[in-house]
Amino acid sequence: MAQLQSITKNKQVGVVQFYSILFVSRMFAVFISISEIDYENLSVTDTVFKICMSSVLLLVSLIPLYLCLRRDTNINVINRASVISKPLAKIIAVMYILLFLYITVITSVWFSIFLKSSIFYNSNINLFIGMIIAGAAFCAFWGFETIGRTGFILACVSFALIFFMVVLVAPDFDVLNLAPPFYEGFKKPMIASVVEAGKFLGVSALGVILPSVKGKAVKGGLILIAFSFLVSGISNLIFGGVIGEFGKSQIFRFYTVTMLSHFSIFQQLNSALSSLWVLFAMLLIAYFIYLAVFVIRTTFVKRSMVRYNVIIAAVCYLLTIFFSANLQRSMYLITPEFMVGMFILMVIAVPLLVLILQTINERRKRRA
């Protein structure tokens with residue numbers, strides 16, 4: 001316990017840098033959004049509702065984690081579990097490690113499919129993906145502070161990119177391309193809202209890495225959710241009003257907007273945009289590799305960070321090659337039901353369990 005506290009006590013990044021990483025994660029999902037995992041293929045107006053409602057659900061889902069950490073943000077969920085039971089803490093640590101590995105894999109698989117489907121057109125890009133994962137593992141070795149600073153820069157770039165695109169395509173916005181809200185009923189958008197919240201698995205990192213963040217974490221989280229909602233909602237509305245129902249037939253809707261022949265400036269900047277998306281993917285892979293290694297080194301054995309980085313990167317690469325071989329296989333990895341289940345387990349259930357057990361333990365000590 002003392003060892004864990006001494007490791008997490010030093011604040012490494014500011015709250016702005018930390019939430020910049022999560023913002024990049026959110027924008028990466030917007031850029032490389034696969035329409036097949038959107039529940040029942042919603043209309044544009046229902047998609048905007050989905051984004052709004054999922055933000056509310058996400059905010060509510062973080063309440064157990066907030067209650068668990070509010071007394072002392074220098075101690076994470078695993079630390080608190082170790083006070084109750086060391087075996088329980090190790091089980092939770094393993095769950096976090098597997099979760100971060102899972103997020104790393106789906107990020108690389110997601111990006112690999114995007115490259116094959118939209119840029120390299122079914123070419124063999126295994127070597128290229130391997131280079132990205134290797135670069136991410138190298139970045140993870142330099143630590144959380146470096147990842148945080150890079151995340152802040154890329155968050156600014158991603159926001160500028162979306163703003164730039166919205167301004168350019170806005171003149172072609174046609175309200176007739178938008179279907180009435182809830183045209184096909186209210187049930188599908190509500191289910192899609194739950195799925196959308198479940199796809200934001202990156203917030204689970206708050207339970208592990210928050211002690212390394214300096215600043216007002218709660219305020220930063222509220223700003224992140226609100227800002228992400230505004231950027232995602234407005235961009236989806238504008239882009240949907242431009243491409244209309246045609247977007248439903250496209251695997252990657254956002255990329256479709258950039259590559260429409262009418263917007264020739266995007267075709268000229270295709271290489272630059274692709275480079276940015278590579279940086280986004282590399283940052284997120286590096287971030288979750290770092291988190292997995294962080295949990296391993298602080299909970300189990302504190303050995304060379306390079307060894308764990310290499311092992312996790314190798315596992316991630318092999319799983320990426322397997323699941324990205326075809327789109328149908330990858331869909332088994334990112335099924336909405338599984339992602340929502342993971343979200344409920346790691347973002348809600350684990351912090352809630354630790355909170356309940358901690359409260360019971362404290363009451364017993366008071367009575368004694």
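Residues forming a ring pair (Phe, Tyr, Trp, His ring centres under 6.0 Å) with Phe227 (at least two apart in sequence, or on another chain): Phe23, Phe159. Residues satisfying the ring pair (Phe, Tyr, Trp, His ring centres under 6.0 Å) test with Phe323, not counting sequence neighbours, are none. In terms of the side-chain contact (heavy atoms from CB on, under 4.5 Å) criterion, residue partners of Ala93 (sequence neighbours excluded) are, by chain and number, Ile78, Val295, Thr299, Phe300. Contacts of Phe100 classified as ring pair (Phe, Tyr, Trp, His ring centres under 6.0 Å), with partners at least two apart in sequence or in another chain: Tyr96. For the side-chain contact (heavy atoms from CB on, under 4.5 Å) test, residues two or more places apart in sequence or in another chain that qualify with Ile360 are Ile356, Arg364. In this structure, the salt bridge (charged side-chain N to carboxylate O under 4.0 Å, His left out) partners of Arg149, at least two apart in sequence or on a different chain, are Glu145. With sequence neighbours left out, the side-chain contact (heavy atoms from CB on, under 4.5 Å) criterion links Ile63 to Val60, Leu67. Not counting sequence neighbours, the partners of Phe128 by the side-chain contact (heavy atoms from CB on, under 4.5 Å) test are Leu115, Phe120, Ile125, Ile132, Val278.
We find the CG-OG distance between Asn361 and Ser85 to be 10.5 Å, quoted to the nearest 0.5 Å. Note that CD1 of Ile103 and NZ of Lys199 are 14.0 Å apart. Values are rounded to the nearest 0.5 Å. Atom CG in Leu352 sits 9.0 Å away from atom SG in Cys68 (nearest 0.5 Å). The CD1 atom of Ile92 lies 10.0 Å from the CG atom of Asn76; values are rounded to the nearest 0.5 Å. In this structure, the separation between OG on Ser54 and CE on Met190 is 10.5 Å, given to the nearest 0.5 Å.
Put simply, the side chain of Leu206 reaches to within 4.5 Å of the side chain of Phe18, judged on heavy atoms. Taking the side chain as every heavy atom from C-beta outward, Ile296 and Ile312 approach each other to under 4.5 Å. A heavy-atom distance below 4.5 Å is not found between the side chains of Leu279 and Thr150. Taking 4.5 Å as the limit, every side-chain heavy atom of Met282 sits out of range of all side-chain heavy atoms of Ile133. Contact annotation: the side chain of Leu201 never approaches that of Met346 to less than 4.5 Å [non-hydrogen atoms, C-beta and beyond]. Between Phe200 and Leu57, every side-chain heavy-atom pair lies at or beyond the 4.5 Å cut-off. Under the 4.5 Å side-chain criterion, counting only non-hydrogen atoms from C-beta, Phe138 is not in contact with Asn309. Contact of the Val105 side chain with the Leu333 side chain is registered, since non-hydrogen atoms from C-beta on lie closer than 4.5 Å.
Closest heavy-atom contact between Ser204 and Leu99: OG-CD2, 3.1 Å. Taking every heavy atom of both residues into account, Ser193 and Met53 meet most closely at OG-CB, 3.4 Å. Pro64 and Leu355 get closest at one heavy-atom pair: O-CD2, 4.3 Å. Closest heavy-atom contact between Ile97 and Ala292: CG1-O, 4.1 Å. Nearest heavy atoms, Arg26 versus Ser232: NE-OG, 3.7 Å. Contact detail for Leu22 and Gly202: the closest heavy-atom pair is CD2-O, 3.7 Å.
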Full working for side-chain contact (heavy atoms from CB on, under 4.5 Å) between Leu88 and Leu357: CA-CA 11 Å; Leu88 175 63; Leu357 294 178; 3.6 Å; yes
If you apply the rule side-chain contact (heavy atoms from CB on, under 4.5 Å), what do you find for Lys214 with Val15, and how did you get there? CA-CA 6 Å; Lys214 54 186 176 183; Val15 66; over 6 Å; no
Evaluation steps, side-chain contact (heavy atoms from CB on, under 4.5 Å), between Ile21 and Phe144: CA-CA 11 Å; Ile21 301 173; Phe144 192 29; 4.0 Å; yes
Going through the checks in order, is the side-chain contact (heavy atoms from CB on, under 4.5 Å) test met by Leu58 and Glu196? CA-CA 9 Å; Leu58 181 61; Glu196 183 70 13; over 6 Å; no
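Val94 and Ile91 fall within a single hydrophobic cluster, where Ile, Leu, Val, Met, Phe, Trp and Tyr side chains are chained together by heavy-atom contacts under 4.5 Å. Cluster membership check: Ile223 does not share its hydrophobic cluster with Val16, using side-chain heavy-atom separations under 4.5 Å among Ile, Leu, Val, Met, Phe, Trp and Tyr. Residues Phe141 and Met131 fall into different hydrophobic clusters, defined by Ile, Leu, Val, Met, Phe, Trp and Tyr side chains chained together at heavy-atom separations under 4.5 Å. Follow the hydrophobic side-chain contacts under 4.5 Å out from Leu345 and you reach Leu291 in the same cluster.
For Phe152, the CZ atom sits in a loose shell: 12 or fewer heavy atoms of surrounding residues, nucleotides or ligands are nearer than 6.0 Å. Heavy-atom neighbours of Phe186 CZ from other residues, nucleotides or ligands within 6.0 Å: above the threshold of 12.
Applying the 4.5 Å side-chain rule to ILVMFWY residues, one finds Ile51, Phe229 in the same cluster as Leu230.
Side chain of Gln17 to main chain of Gly14: a donor-acceptor pair is present (N/O by atom type, distance under 3.5 Å, no hydrogens or angles).
Judged as a ring pair (Phe, Tyr, Trp, His ring centres under 6.0 Å), the pairs with a partner in residues 334-365 (not counting sequence neighbours) are, in order, Tyr102-Phe338.
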Report, one line per pair, each donor and acceptor closer than 3.5 Å where one atom sits in a side chain of residues 315-322; sequence neighbours left out.
| residue | atom | partner | partner atom | Å |
| --- | --- | --- | --- | --- |
| Tyr317 | OH | Asn126 | O | 3.2 |
| Thr320 | OG1 | Ser108 | OG | 2.5 |
| Thr320 | OG1 | Cys316 | O | 2.6 |

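Paired with Thr104 under the rule side chain to side chain contact (heavy atoms under 4.5 Å, CB included), one option of Leu284, Val109, Ile289 passes, and it is Ile289.
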